[in-house]
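Structure first, commentary second.
Within every chain, numbering begins at 1; the chains are lettered A, B, ... in the order of the sequence lines, protein sequences first and strands thereafter.
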Amino acid sequence: MKRSIGCGRLSLDDLDKEVCVAGWVNVRRDLGGLIFLELRDRSGRLQLVADPNKNKDVHEKFVTLRNEFVIIARGKITRRPEGTEKPDQPTGMIELYPDEMELLNTSRPLPFQLELGQQVDESLRLKYRYLDLRRREMQRNLILRSRVTIAIRKYLDENDFLDVETPILTKATPEGARDFLVPSRLTPGSWYALPQSPQLFKQTLMVSGLERYYQVARCFRDEDLRADRQPEFTQVDIEMSFINEEDIFEISEGLLQRAFKEADVDIKGPFPRLTYKEVMDRFGSDKPDLRFEMEIKDLTEVAKTCEFRAFKETVAAGGVLKALCLKGMAEKSSRKDLDGWQEVAKGFGAKALAWLTFKSEGVKSSGIDKFFKPEEIEQMRQLAGAETGDIVLLVADTYKVVTNVLGRLRLKLAEDLGLIDESKHALLWVVDFPVFEWNEDENRLEAVHHPFTSPRLEDLENFDTQPELARARAYDCVYNGCEIGGGSIRIHSKDVQSKVFSKIGLTEETAREKFGFLLDALDSGAPPHGGIAFGLDRLVMLLAGCKSIRDVIAFPKTQSGACLLTDAPSAAPDEQLKELQLKHEAPKQPAKVTADKS
RNA sequence: GGGGUCGUAGCUCAGUUGGUUAGAGCGCCUGCCUGUCACGUAGGAGGUCGCGAGUUCGAGUCUCGUCGGUCCCGCCA
């Protein structure tokens with residue numbers, strides 16, 4: 001017997017057709033006489049029926065079957081008898097009485113039940129990932145991922161991009177995330193690094209005249225994990241020559257349109273473009289969620305003249321007073337709610353959270369109203385955009401603290417109060433990031449994006465005197481409050497590149513040692529170029545409606561970086577270490593790997 | 001590195017103020033059952049309460065430590 005068709009592809013159109021189906025026993029319902037059996041394969045499910053009066057041999061075999069046994073069966077597709085149809089199920093109108101059935105493999109009882117609708121502990125799912133991936137939801141995710149990837153590849157291919165592979169064993173990069181290192185056996189004491197991204201290679205390919213490059217590239221970063229961060233992840237990496245920001249936006253918007261289409265979501269470009277300063281001012285985040293309103297409002301003006309010392313002094317010291325307005329929440333919110341938000345704000349780093357409620361019977365506050373003249377209260381109401389029935393939440397501190405606190409509070413409130421319209425697809429570009437950021441710990445400037453990002457030409461004039469004001473030709477793509485992609489127009493002039501290196505304290509020598517090849521390449525007829533990279537895992541996660549990228553990765557790692565299926569990472573045998581001329585001081589791992597990295 | 005949370009049968013969970021022999025549903029095993037679809041029904045097996053100390057006459061329950069999962073902060077150009 002050889003399989004002729006997938007279970008889920010059959011329908012009433014196939015009545016009386018002789019088919020051969022194969023798959024797993026999803027569930028068996030033994031009525032004593034009749035035995036019903038749901039056969040499952042990737043395409044779907046089909047009900048098989050064994051009737052002892054019709055085929056004794058098949059019925060006897062069915063008696064011995066158990067869940068997850070693998071079988072193949074041949075027979076004619078028949079219509080289910082009147083009254084037993086299940087029109088809501090894809091194959092609910094038909095069934096199959098096998099003429100012949102062969103057991104291909106048995107299965108031990110599984111450590112957990114598939115498809116019970118209850119949440120199985122994730123460590124179990126990861127340990128028995130091959131079973132977890134049998135579940136409909138996980139198959140749906142992997143199928144979507146495959147489709148999205150193919151759609152992106154087709155789109156880029158149609159647009160004249162070349163798929164070029166770049167090394168996995170490569171060189172450590174300065175700045176940025178911690179590298180994974182791989183010891184070199186042929187050059188003891190030397191190390192490869194796994195790429196954090198193919199950044200240097202794709203720029204080099206532009207110098208080579210490839211003009212349009214893309215790669216679905218695995219990237220590695222040895223940093224702590226999150227629900228949306230794995231130590232290895234996949235980027236759709238893109239680079240183009242002779243282009244500007246507009247070209248990148250156009251290609252990206254087209255690419256996303258095709259990707260979203262695979263999840264039956266229609267989106268249209270051009271996406272709104274907001275500057276970094278604007279999104280920080282209005283939403284307190286460089287990846288704002290635009291599915292709901294509630295913008296941050298500046299009330300610093302009032303704080304300057306008021307008699308409330310906490311506000312006045314903060315602002316006099318260069319700080320700001322900003323607010324969020326909660327529409328229509330004055331009557332619905334209790335003192336307990338307000339106290340709760342106060343605690344949340346403190347948890348985010350605020351010294352305090354003041355509030356004003358505008359009710360029909362008058363204004364109430366967290367005890368601050370007595371310090372304000374009625375016209376000042378009115379001014380605050382207006383600036384905050386509040387009306388009767390609204391609550392205004394206030395934070396005074398440095399710009400950085402206020403922005404961060406209110407930005408995070410905005411998201412928390414929206415989630416708690418159900419303000420987010422889940423049916424919306426809010427895409428935007430954030431542009432004009434600063435080139436540099438002051439690193440408090442190391443007491444130096446560092447590149448916000450990466451050191452190959454081109455500053456805006458007009459900002460080069462004051463580059464030496466006020467480098468922190470220089471804007472970068474960098475852009476992030478944000479979807480529903482998640483950063484799904486980012487890139488920049490690169491520096492293609494050796495002089496500008498040297499300037500940037502010197503600003504971030506990279507000496508000529510160090511720069512040359514780290515990526516001298518790129519400097520030489522830039523000095524060898526490098527075309528103007530730029531690019532972008534999209535996080536494929538995150539994109540698919542969002543399109544699939546998952547809460548974690550682990551659910552769209554076939555074999556992901558736990559938060560401590562362990563693969564529970566293979567038990568990686570694990571201790572290496574002494575002979576292997578010797579061959580690599582390695583010694584280590586870490587305590588010998590016990591037989592069972594603990595993923596504790598010290 | 002720090003904070004929250006979870007860990008009891010194969011799975012999902014309940015377990016009162018610390019008190020006899022730790023329970024339920026599902027799964028598994030054995031019967032019965034010819035239109036089920038989370039089939040039904042009768043019975044049965046199944047436990048180092050994550051691990052280790054401590055407090056106590058007595059710990060699933062309290063304390064400390066530790067391991068693992070997860071979420072977050074730091075970190076992630």
Side-chain angles (χ1 to χ4, degrees), chain A residues 26-38 45-54 59 66-68 80-86 88-89 91-92 95 97 107-128 131 173-179 196-197 199 219-231 233 344 347-349 404 408 412 433-437 439-441 445-453 472 474 476 483 486-488 500 504 506 533 535 547-548 550 557-560 562 564 590 592-598:
Chain A
N26 198 54
V27 66
R28 205 178 59 103
R29 294 179 282 270
D30 186 343
L31 271 56
L34 284 181
I35 298 175
F36 296 94
L37 182 148
E38 226 174 79
R45 287 132 203 249
L46 178 68
Q47 174 163 283
L48 310 190
V49 196
D51 185 334
N53 298 327
K54 287 187 178 165
H59 183 267
R66 293 294 178 269
N67 284 348
E68 300 307 313
R80 291 197 191 183
E82 194 89 33
T84 66
E85 306 98 327
K86 287 269 168 181
D88 51 321
Q89 293 172 8
T91 60
E95 59 192 4
Y97 286 87
S107 168
R108 60 180 172 145
L110 302 187
F112 61 90
Q113 286 164 264
L114 279 33
E115 311 285 3
L116 215 59
Q118 57 191 8
Q119 202 63 48
V120 178
D121 185 71
E122 193 165 359
S123 55
L124 254 196
R125 290 176 52 205
L126 291 175
K127 182 170 179 188
Y128 302 101
L131 299 179
T173 45
E175 308 255 324
R178 193 177 295 115
D179 287 308
Q196 295 177 26
S197 80
Q199 185 62 34
C219 305
F220 306 85
R221 293 177 192 178
D222 189 6
E223 297 292 346
D224 287 359
L225 287 77
R226 288 283 189 282
D228 62 352
R229 274 169 26 195
Q230 285 272 306
F233 60 100
V344 170
F348 291 159
N404 181 33
R408 288 166 66 182
K412 170 83 175 145
F433 283 85
V435 177
F436 303 114
E437 192 176 42
N439 184 321
E440 300 279 348
D441 297 334
L445 284 178
E446 63 183 11
V448 169
H449 200 61
H450 58 58
F452 314 109
T453 299
D476 276 358
E483 182 199 324
S488 64
V500 170
I504 59 173
L506 255 187
K547 291 219 158 59
S548 160
R550 292 187 300 274
K557 292 174 178 60
T558 68
Q559 193 159 41
S560 54
L564 298 182
K592 190 83 180 168
V593 171
T594 65
D596 195 1
K597 279 181 253 168
S598 47

Completion exercise
Of C37(B), C33(B), C71(B), the nucleotide closest to the side chain of D30(A) is C33(B)
What pairs with [X] under side-chain contact (heavy atoms from CB on, under 4.5 Å), at least two apart in sequence or on another chain?
X: R408(A); answer: F348(A), N404(A)
X: A533(A); answer: Q235(A), D237(A)
X: L126(A); answer: E122(A), R129(A), P556(A), T558(A), L564(A)
X: P111(A); answer: Y128(A), L131(A)

Problem - Distance below 4.0 Å between R29(A) side-chain N/O and C39(B) OP1 or OP2 - result: yes
Problem - Phosphate OP1/OP2 of G27(B) contacted by R28(A) side-chain N/O (<4.0 Å) - result: no
Fill in the blank from the handout: Whether each nucleotide of nucleotides 2-10 of chain B has a protein heavy atom under 4.0 Å at its base (B), only at its sugar-phosphate (S) or at neither (-) is summarised, 5' to 3', as --------B
Exercise for the section: Would you mind building the protein contact string for nucleotides 42-47 of chain B? One character per nucleotide, 5' to 3', B for base within reach (heavy atoms under 4.0 Å), S for sugar-phosphate only, - for untouched. Expected result: ------
Handout entry: Any residue meeting salt bridge (charged side-chain N to carboxylate O under 4.0 Å, His left out) with R221(A), in chain and number order, not counting sequence neighbours
Key = none
Problem - By salt bridge (charged side-chain N to carboxylate O under 4.0 Å, His left out) - contacts of E437(A) (at least two apart) - result: none
Practice task
Could you pull out all residues at least two apart from N439(A) that satisfy side chain to side chain donor-acceptor pair (under 3.5 Å)?
Solution key: E446(A)
Problem - Distance-only donor-acceptor test, E223(A) side-chain atoms vs G74(B) base atoms, 3.5 Å - result: no
